[in-house]
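A short write-up of the structure that comes next.
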Amino acid sequence: MVDPPEPRQDFHDGPETAPRLAATVILLRGGSRTIEVLLVKRNPRARFMGGAWVFPGGAVDRDEGHGDGALRAAAVRELAEEAGVRLAGPDELVLFSRWITPAEVKIRFDTWFYLAMLPDGTQPRVDGAEVVDARWYTPEAALAASREGEILLVFPTIKHLEQLSSFASVEQLIEQATGREVRAVQPRLIRSGATARIVLPGEPGYD
């Protein structure tokens with residue numbers, strides 16, 4: 001399998017960089033009929049994932065504290081800053097997954113992904129600096145746009161969209177995600193000369 005192109009990454013062969021805590025919001029609309037997710041385009045000039053279409057999110061600030069409360073505070077803040085969407089509070093978030101950047105990458109994050117419904121009457125608005133565009137997609141349409149070269153998706157976003165595409169509606173997704181156990185996923189990056197491929201736990205070559 002050929003991995004999709006990735007924005008510039010810095011690799012290393014020395015000691016692992018400690019991952020920084022981060023939080024991401026998979027913003028949803030569609031109710032009982034379908035699923036649409038909000039993707040935002042990172043500024044192409046950004047050093048980290050420039051030009052990629054991602055779910056709104058970012059690193060936890062020191063003044064946001066520690067633990068689940070800090071992660072939820074960061075998720076709410078980043079969604080408001082990047083997409084102009086303000087949730088009623090951190091309790092609106094439903095934990096969905098946790099991904100840790102491969103150890104072979106210098107810039108690493110321990111990212112917690114949360115689900116949230118678009119508040120009634122709200123229209124996303126990008127900040128124009130860190131994020132320059134925003135679009136609603138069904139998971140299937142976003143994956144198709146990536147395959148056709150219309151948008152750039154990175155590996156974790158692709159894998160989350162693949163997961164989301166298995167649900168028939170937002171209601172079904174949130175019902176099944178609520179209260180379930182979330183285990184960390186840490187892919188590995190396997191390099192061969194100038195090329196690299198990403199493998200997930202349980203796939204050949206991971207161990």
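Positions are given from 1 along the sequence.
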Next item on the list: Would you check if M49 and V54 make a side-chain contact, meaning some heavy-atom pair closer than 4.5 Å?
Entry: yes

Notebook entry, point to check: What pair of heavy atoms forms the shortest contact from I35 to P139, and how long is it?
Noted result: O-CD, 3.5 Å

Checklist line | Check: L21 and W112 side chains under 4.5 Å, non-hydrogen atoms | finding: yes

Margin query: Has E203 got a side-chain atom pairing as donor or acceptor with L200's backbone, closer than 3.5 angstrom?
Written below: yes

Notebook entry, point to check: Any idea which heavy atoms bring R98 and V182 closest together, and the distance?
Noted result: N-CG1, 3.7 Å

Notebook entry, point to check: Should V154 and V132 be counted in the same cluster of Ile, Leu, Val, Met, Phe, Trp and Tyr side chains packed under 4.5 Å apart?
Noted result: no

Item checked: CA sep, side-chain torsions, deciding dist, call: V60, L71, side-chain contact (heavy atoms from CB on, under 4.5 Å) -> CA-CA 6 Å; V60 174; L71 288 160; 3.9 Å; yes

Margin query: Would L93 and D91 count as a side-chain contact (heavy atoms from CB on, under 4.5 Å) here? Give the steps.
Written below: CA-CA 5 Å; L93 300 166; D91 291 342; over 6 Å; no

Check: Does some side-chain heavy atom of I174 sit less than 4.5 Å from a side-chain heavy atom of L28?
Finding: yes

Item checked: Minimal non-hydrogen separation, E82 against P56, with atom names -> OE1-CA, 3.3 Å

Check: Would you say N43's side chain and E130's backbone share a donor-acceptor pair under 3.5 angstrom?
Finding: no

Notebook entry, point to check: How long is the gap from OG1 on T101 to CG on D110, to the nearest 0.5 Å?
Noted result: 8.5 Å

Notebook entry, point to check: Out of curiosity, L38 CG to L79 CG, how far, rounded to the nearest 0.5 Å?
Noted result: 8.0 Å

Check: Do S169 and T34 touch side chain to side chain, with heavy atoms closer than 4.5 Å?
Finding: no

Check: Any idea which heavy atoms bring R86 and A80 closest together, and the distance?
Finding: NH1-CB, 3.7 Å

Check: According to the ring pair (Phe, Tyr, Trp, His ring centres under 6.0 Å) rule, which pairs have a member within residues 66-85, sequence neighbours left out?
Finding: none

Next item on the list: Any chance you could lay out the side-chain contact (heavy atoms from CB on, under 4.5 Å) test for Y114 and E92, step after step, and finish with the verdict?
Entry: CA-CA 9 Å; Y114 295 90; E92 298 288 308; over 6 Å; no

Note to self: Is the positively charged end of R197 above the ring of F155, judged by distance under 6.0 angstrom from the centroid and angle within 45° of the axis?
What the structure shows: no

Check: Is there a donor-acceptor pair under 3.5 Å between the side chain of D61 and the backbone N or O of D63?
Finding: no

Next item on the list: Output the distance between atom CD (E16) and atom CZ (R108), rounded to the nearest 0.5 Å.
Entry: 5.0 Å

Next item on the list: Kindly indicate whether the side chain of M117, heavy atoms from C-beta on, has any atom under 4.5 Å from the side chain of V170.
Entry: yes

Checklist line | Least distance between heavy atoms, E162 atom then S165 atom | finding: O-OG, 2.7 Å

Checklist line | Residues R77, E64; criterion salt bridge (charged side-chain N to carboxylate O under 4.0 Å, His left out); working and verdict | finding: CA-CA 10 Å; R77 173 180 53 76; E64 286 170 325; 2.6 Å; yes

Check: Should the pair H160 and F55 be assigned to parallel (<30°), tilted (30 to 60°) or perpendicular (>60°) ring geometry?
Finding: perpendicular

Next item on the list: Check whether any side-chain heavy atom of F113 sits under 4.5 Å from a side-chain heavy atom of S97, and report yes or no.
Entry: yes

Note to self: Do L153 and L39 have side chains that approach each other closer than 4.5 Å (heavy atoms only, starting at C-beta)?
What the structure shows: yes

Note to self: I need the I100 CD1 to T111 OG1 distance, nearest 0.5 Å.
What the structure shows: 9.0 Å

Next item on the list: Check whether any side-chain heavy atom of P201 lies under 4.5 Å from a side-chain heavy atom of V185, and answer yes or no.
Entry: yes

Check: Considering all heavy atoms of both residues, which atom of S32 and which atom of E171 are nearest to each other, and what is their separation?
Finding: CB-OE1, 3.4 Å

Notebook entry, point to check: Roughly how far, to the nearest 0.5 Å, is CG of D133 from CH2 of W53?
Noted result: 3.5 Å

Check: How long is the gap from CZ on R180 to CZ on F96, to the nearest 0.5 Å?
Finding: 5.0 Å

Notebook entry, point to check: Passes side-chain contact (heavy atoms from CB on, under 4.5 Å), V199 versus I190? Steps please.
Noted result: CA-CA 7 Å; V199 294; I190 299 178; 3.8 Å; yes

Note to self: Within a 6.0 Å radius of atom CD on Q123, are there more than 12 heavy atoms belonging to other residues, nucleotides or ligands?
What the structure shows: no

Next item on the list: State whether the number of non-hydrogen atoms from other residues, nucleotides or ligands found under 6.0 Å of Q172 atom CD is greater than 12.
Entry: yes

